[in-house]
Protein chains: 2
Amino acid sequence: MTLVTIKQASEATGVSPKMIRHYESIGLIKAPTRTENGYRYYSPEDISGLCFIRRARDLGFPFEDIRQLLALLRDKRRSSAEVKQIALRHVAELEAKAAQLAAMGEALKRLTTACPGNSSPHCPILDALDPPQLGKLWCNS
Amino acid sequence: MTLVTIKQASEATGVSPKMIRHYESIGLIKAPTRTENGYRYYSPEDISGLCFIRRARDLGFPFEDIRQLLALLRDKRRSSAEVKQIALRHVAELEAKAAQLAAMGEALKRLTTACPGNSSPHCPILDALDPPQLGKLWCNS
DNA sequence: TCTTGACCTTCCCATCATGTCAACCCCATA
DNA sequence: TATGGGGTTGACATGATGGGAAGGTCAAGA
């Protein structure tokens, strides 16, 4: 049994000690064994679990998804369809967010190309943000 | 003087009353006039300011950028270069974030196509998240 | 005139994932 | 034994937004 401290577990997994404790507090990982002085000591299985979480987080999965994925990982009678469903939903979310950000970037980039970027105060970017809609008191989108 | 309540200002600008008060509390907009009973009443200029903020937020600008953009909007001796610089920096951030999310989506999508998605427990997605690295206690990547 | 419902006010708490900071305890080594 | 580098808990912050409670105010209908 190679038990390691939280610092060593952090270095082995790339998850900060703060986050390891946080995962424990929200029930994402089980509480590790403690020695008399109260120190947490992590087993190889604990390390594997932390690695799993870190990889899932690197793929952008939220904690709730990770919780379900961990449950499926442990459930040997799972169906891969369940896993795939979670993953596909997340892929759709990632693509939607990416597309939204890309669209913002596109729109703003168009404005910047129209902006001279010199010492003159005239700026199409500000014009677009503050159109002189005289008399109209509502935002037309 | 067409003064309107916070609800009407919200409907005119698409900014929730909650957020309007929040913008005031963090100094993003100036405090509007109040009547004896303490109710906020917004002028057409206030409405314009809120529209500006909403459009900037629709482009993903953080509050700090919006603060600077509002200052430049009011400064008639501004140079368009200052505005453009803020916008270009934000474009770069948007593109970077979009690319990051897209990369996550790509990686996960590749895994999902390899997953049968049937009743079998075997799943390449879980395999990728939990590689059987026997004996190795660290996360390789 | 009284009630009712819609609106206003302030203040606190929650999200999501992560970091910082402080106060304090424990242990090994120079 | 002093020092440094761990460990522990807890509180607070981010950024942008939402929810809700507790209480004051206003306008319209009975």
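The chains referred to below are lettered A, B, ... by the order of the sequence lines, with proteins before strands, and numbering in each begins at 1.
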Check: Just to confirm, is there a sub-4.0 Å distance from OP1 or OP2 of dC27(C) to any side-chain nitrogen or oxygen of Asn37(A)?
Finding: yes
Notebook entry, point to check: Among dT9(D), dG7(D), dC26(D), which nucleotide sits nearest the side chain of Arg34(A)?
Noted result: dT9(D)
Margin query: Looking at Arg40(A), I'd like to know whether one of its side-chain N or O atoms comes within less than 4.0 Å of OP1 or OP2 on dG7(D).
Written below: no
Notebook entry, point to check: Which of parallel (below 30°), tilted (30 to 60°) and perpendicular (above 60°) describes His22(A) and Phe63(A)?
Noted result: tilted
Note to self: For Glu95(B), is the CD atom crowded, meaning more than 12 foreign heavy atoms sit under 6.0 Å from it?
What the structure shows: yes
Notebook entry, point to check: In terms of side-chain geometry, is the basic nitrogen of Glu64(A) or Arg89(A) positioned less than 4.0 Å from the acidic oxygen of its partner?
Noted result: no
Check: Just how far, in rounded Å, is C1' of dG7(D) from CD of Glu36(A)?
Finding: 15 Å
Notebook entry, point to check: Is it the case that more than 12 heavy atoms not belonging to Arg77(B) sit under 6.0 Å from its CZ atom?
Noted result: no
Item checked: Phosphate contact (dC8(C) OP1 or OP2) by Thr5(B) side-chain N/O below 4.0 Å -> yes
Note to self: What is the distance, to the nearest angstrom, from the CG atom on Asp58(A) to the P atom on dA17(C)?
What the structure shows: 13 Å
Note to self: Within this structure, what is the OG-CD1 distance for the pair Ser10(B) and Ile47(B), rounded to the nearest 0.5 Å?
What the structure shows: 9.5 Å
Next item on the list: Can you figure out which of dC27(C), dG7(D), dC7(C) approaches the side chain of Ile6(A) most closely?
Entry: dG7(D)
Item checked: Glu93(B) bridged to Lys97(B) by N-O distance under 4.0 Å -> no
Checklist line | Footprint string (nucleotides 12-17 of chain D, 5' to 3'): B base within contact, S backbone only, - free, heavy atoms under 4.0 Å | finding: ----SB
Note to self: So that I can tick it off, tell me whether Asp46(B) and Lys30(B) are bridged by a salt bridge, with the cut-off set at under 4.0 angstrom between side-chain N and carboxylate O.
What the structure shows: yes
Checklist line | Separation of atom CZ in Arg67(A) from atom C1' in dC16(C), rounded to whole Å | finding: 13 Å
Margin query: In whole Å, I'd like the distance from the OH atom of Tyr39(B) to the P atom of dA6(C).
Written below: 14 Å
Note to self: Without decimals, in angstroms, what is the distance between Ile20(A) CD1 and dT8(D) P?
What the structure shows: 10 Å
Next item on the list: Can you tell me the distance, in whole Å, between the CD1 atom of Ile53(A) and the P atom of dC16(C)?
Entry: 16 Å
Item checked: Atom-to-atom span, CG of Leu3(B) to P of dC8(C) - whole angstrom -> 14 Å
Item checked: Value in whole Å for how far the P atom of dG4(D) lies from NZ of Lys7(A) -> 16 Å
